[in-house]
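Working notes, beginning with the structure itself.
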Amino acid sequence: MENKEIIKLTNELIYQRHLFNHEYRKDIFKMSIPEYIALEYIAVEEESGLYEGRAYLRDLADKLHMTMRQISNMAGKLRDAGLVLWSHDGDGSEGTYVTITESGQSIIKNQEEILKAYYGHVIDKFGKDNLLQLLKLMKQLETVMSSEAEKMESDDQEVKHNDIR
């Protein structure tokens with residue numbers, strides 16, 4: 001594939017991801033997408049009873065591919081908004097976790113109703129099979145992108161290691 005074609009396709013992919021992440025969400029999300037995903041995850045953890053309704057910050061960081069600092073900041077924002085309670089096991093070294101409040105549950109239910117109405121129409125018009133195929137392709141693309149990013153990171157570390165010698 002030619003370099004110009006690679007750049008053209010790359011730019012279109014970046015642009016489409018930008019539109020999807022910003023343009024379409026401003027009217028349907030009442031919070032940031034990471035906050036929604038985190039609250040949804042916390043609510044599911046509460047329903048599962050696996051960790052007594054606790055969602056550990058480390059698990060949230062892994063799920064959202066965010067740093068602990070970013071997750072802590074977001075958890076603090078959600079706590080300050082009254083959507084989660086933040087606590088820890090033992091002295092904190094054993095795990096820091098959040099649980100969802102009634103207010104948080106209410107916000108999630110409201111957001112789900114908005115999403116159901118919006119995406120219900122989108123799915124009807126786009127087609128369920130088309131959406132399933134798109135999601136499958138997006139997952140494949142994400143896997144390839146992640147693998148390439150890890151490879152580049154590994155190559156960069158090897159170059160830095162060789163520079164030290």
Side-chain angles (χ1 to χ4, degrees), residues 1-51 53-75 77-79 81-84 97-155:
M1 186 179 301
E2 291 183 34
N3 286 339
K4 282 187 177 187
E5 189 175 14
I6 292 171
I7 294 299
K8 184 177 180 182
L9 289 171
T10 300
N11 288 342
E12 183 62 22
L13 177 61
I14 290 168
Y15 176 67
Q16 289 301 323
R17 287 182 72 161
H18 167 74
L19 286 180
F20 189 78
N21 289 334
H22 295 285
E23 291 299 317
Y24 304 122
R25 80 167 179 86
K26 67 183 173 188
D27 293 328
I28 58 171
F29 277 97
K30 304 303 178 200
M31 63 190 75
S32 75
I33 291 173
E35 289 171 344
Y36 172 73
I37 293 169
L39 274 179
E40 185 69 29
Y41 178 81
I42 295 163
V44 167
E45 285 301 308
E46 181 173 90
E47 290 173 9
S48 77
L50 185 60
Y51 297 115
R54 300 171 179 174
Y56 285 87
L57 295 188
R58 169 57 44 213
D59 295 337
L60 278 170
D62 291 344
K63 179 164 185 65
L64 291 168
H65 301 278
M66 295 172 73
T67 66
M68 281 301 291
R69 176 182 288 264
Q70 291 169 317
I71 288 296
S72 293
N73 288 339
M74 183 172 54
K77 185 177 174 185
L78 294 172
R79 179 199 57 216
L83 304 178
V84 299
Y97 62 89
V98 288
T99 55
I100 195 161
T101 64
E102 283 186 36
S103 239
Q105 288 283 6
S106 178
I107 291 287
I108 282 295
K109 286 187 188 333
N110 183 317
Q111 184 63 65
E112 287 173 348
E113 289 300 316
I114 293 167
L115 292 172
K116 185 171 63 174
Y118 175 75
Y119 281 106
H121 294 292
V122 168
I123 293 167
D124 284 344
K125 291 180 180 172
F126 187 65
K128 180 181 174 184
D129 290 340
N130 284 341
L131 182 60
L132 290 172
Q133 183 65 23
L134 176 62
L135 291 171
K136 181 179 174 183
L137 290 170
M138 288 172 69
K139 180 66 176 166
Q140 289 174 359
L141 178 61
E142 186 61 37
T143 299
V144 170
M145 290 171 66
S146 177
S147 174
E148 287 302 310
E150 287 174 12
K151 183 178 168 187
M152 287 180 71
E153 186 177 306
S154 175
D155 290 348

Only distances under 3.5 Å count here; give the side-chain donor-acceptor pairs of residues 129-147 to other protein atoms, sequence neighbours excluded, each with its distance to 0.1 Å.
from   : atom 1 : to     : atom 2 : distance (Å)
Asn130 : ND2    : Phe126 : O      : 2.7
Thr143 : OG1    : Lys139 : O      : 2.9

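Side-chain contact between Glu45 and Ser48 is present, with heavy atoms from C-beta onward closer than 4.5 Å. The side-chain heavy atoms of Glu112 and Tyr36, taken from C-beta on, include a pair separated by under 4.5 Å. You'll find the side chain of Met31 reaches within 4.5 Å of the side chain of Leu39, heavy atoms only. Looking at Asp59 and Tyr41, their side chains come closer than 4.5 Å, going by heavy atoms from C-beta outward. Contact check for Tyr119 versus Val122: side-chain heavy atoms found under the 4.5 Å cut-off. The shortest distance between side-chain heavy atoms of Leu64 and Gln70 does not fall below 4.5 Å.
For the residue pair Ile114 and Ile28, the shortest heavy atom distance occurs at CG2-O, 3.3 Å. Taking all atoms of both residues into account, the shortest heavy-atom contact from Thr101 to Gly82 is OG1-O, 2.6 Å. Between Leu57 and Ala75 the shortest heavy-atom distance is CD2-CB, 4.0 Å. Across Ala55 and Ile42, no two heavy atoms sit closer than the pair CB-CG1, 3.6 Å.
Separation of atoms CD1 (Ile108) and CD (Glu40) is listed at 5.0 Å; rounding is to 0.5 Å. Atom CE of Met66 sits about 4.5 Å away from atom CD1 of Ile71, to the nearest 0.5 Å. Remark: Thr10 OG1 to Glu5 CD distance equals 10.0 Å, nearest 0.5 Å.
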(Q) As a quick check of understanding, evaluate side-chain contact (heavy atoms from CB on, under 4.5 Å) for Glu35 and Leu78, giving each step before the final call. (A) CA-CA 8 Å; Glu35 289 171 344; Leu78 294 172; 4.2 Å; yes

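Atom CD of Glu12 has more than 12 neighbouring heavy atoms from other residues, nucleotides or ligands inside a 6.0 Å radius. Within 6.0 Å of CG on Asn3 lie no more than 12 heavy atoms contributed by other residues, nucleotides or ligands.
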